[in-house]
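Single-structure report; data block below.
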Amino acid sequence: MKTPIIAINMKTYEQSCGEAGINLASLCQEIAEETGANIAIAPQQTDLALFSIDLDIPIFAQHIDNAKQGSSTGRITPENIWTIGCAGSLINHSEYRIEAEDVRVLVQKCRNLALTSIVCTKDAVESRAYAEFKPDFIAVEPPELIGGDISVTSAKPEVVSDSVKEVKEVAPDVKVLCGAGVKNGQDVKMAIELGAEGVLLASGVVKADDQRAVLLDLVSEL
Ligand code: G3P
């Protein structure tokens with residue numbers, strides 16, 4: 001996965017559901033092509049197969065289950081998302097936390113399938129702990145800032161820089177993203193200055209009146 005990267009988690013917002021989701025995903029692809037920026041998206045789980053067939057930008061699942069392939073009703077396995085051509089998955093997002101052992105196993109399963117793993121963490125301590133599992137990315141997001149108006153890069157810059165330090169100490173190849181409240185190019189610039197290799201964001205793009213303008217601003221500081 002090329003970096004620096006803007007990764008957009010579409011969550012389950014109405015502004016990224018159904019046709020609106022298709023429009024936003026197409027817009028992300030258009031802007032990636034126009035600007036050469038690395039943009040990845042994590043569509044709503046119901047859109048994963050559609051988007052991974054139709055789009056060239058990296059498509060991530062928002063969550064995968066540590067479940068066996070076969071008799072696991074209602075689960076989404078790493079093998080499932082590999083089969084439909086996804087690039088990888090978020091793991092342990094703040095809104096879908098899982099046990100540490102499941103994080104470890106899912107990172108391993110992703111590695112075996114050449115899927116990119118993005119493990120979400122809440123702070124620098126957890127970033128270090130999960131870096132030990134050697135995911136491709138750690139994405140640190142203080143839960144209390146998620147969905148808010150103040151970016152982690154302004155409200156808690158030390159969470160980003162400390163995560164980078166802790167992660168690099170135990171696993172120098174693991175890349176760090178940051179998220180929560182990220183809204184504009186200035187936030188991206190600060191994230192990179194703090195040592196991150198990109199951002200993971202949702203509401204800043206999904207809920208924007210002018211999604212194109214926000215995306216162009218975000219990629220302008222990569
Ligand atoms: O996964 C990204 C996310 O949790 C951050 O959300 O809305 O603060 O950009 P938001």
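Atoms within a ligand are numbered from 1 in the order they appear, just like the ligands themselves. Numbers here simply count residues along the sequence, with the first being 1. Keep in mind that the numbers below use all heavy atoms, side chains included, and drop hydrogens, waters and symmetry copies.
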Closest non-hydrogen protein atom to [atom], residue and atom name please, with distance?
| atom | result |
| --- | --- |
| atom 1 (O) of ligand 1 | H93 NE2, 2.8 Å |
| atom 6 (O) of ligand 1 | K11 NZ, 3.3 Å |
| atom 2 (C) of ligand 1 | E141 OE2, 2.9 Å |

Hey, does [X] come in under 3.5 Å of ligand 1, counting only N/O atoms on both sides?
| X | result |
| --- | --- |
| A202 | yes |
| Y13 | no |
| G147 | yes |
| G148 | no |

- Identify the heavy atoms of F60 and L48 that sit nearest to each other, and give their distance.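 Minimum heavy-atom contact is O-CD2, 3.6 Å.
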Would you say [X] and [Y] make side-chain contact, with heavy atoms under 4.5 Å?
| X | Y | answer |
| --- | --- | --- |
| D136 | K175 | no |
| K189 | L222 | no |
| L200 | C120 | yes |

So, does [X] sit close enough to ligand 1 that a heavy atom of it is under 4.0 Å from the ligand?
| X | result |
| --- | --- |
| G181 | yes |
| K183 | no |
| A180 | yes |

- Query: Can you list the ligand 1 atoms lying under 4.0 Å from a non-hydrogen atom of I146?
  - Reply: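 Those atoms are 4 (O), 6 (O), 8 (O).
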Worksheet entry | Sub-4.0 Å atoms of ligand 1 with respect to non-hydrogen atoms of S203 |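 Listed by number with element, the hits are 7 (O), 9 (O), 10 (P).
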The side-chain contact (heavy atoms from CB on, under 4.5 Å) partners of A67 (sequence neighbours excluded) come to D65, S72, R75, T77
Subject >> Steps toward side-chain hydrogen bond (donor to acceptor under 3.5 Å, both in side chains) verdict (E141, H93) >> reply: CA-CA 9 Å; E141 303 190 315; H93 189 277; 3.3 Å; yes
>> Using a 4.0 Å heavy-atom cut-off, which part of N9 comes near ligand 1: side chain, backbone, both, or neither?
In response: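 Contact part for N9 vs ligand 1: side chain (C-beta onward).
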Exercise. Between E95 and ligand 1, which residue portion shows a heavy-atom distance shorter than 4.0 Å: side chain, backbone, both, or neither?
Worked result: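 It is neither; nothing of E95 touches ligand 1.
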(message) More than 12 heavy atoms of other residues, nucleotides or ligands under 6.0 Å from CD1 of I84: yes or no?
(response) yes
So how far is it from I192 CD1 to E221 CD, rounded to the nearest 0.5 Å?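 Going from CD1 on I192 over to CD on E221, the span is 8.0 Å.
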Hey, is E169 close enough to K165 for a salt bridge, meaning N to O under 4.0 Å?
->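 Salt bridge between E169 and K165, a charged N being under 4.0 Å from a carboxylate O: yes.
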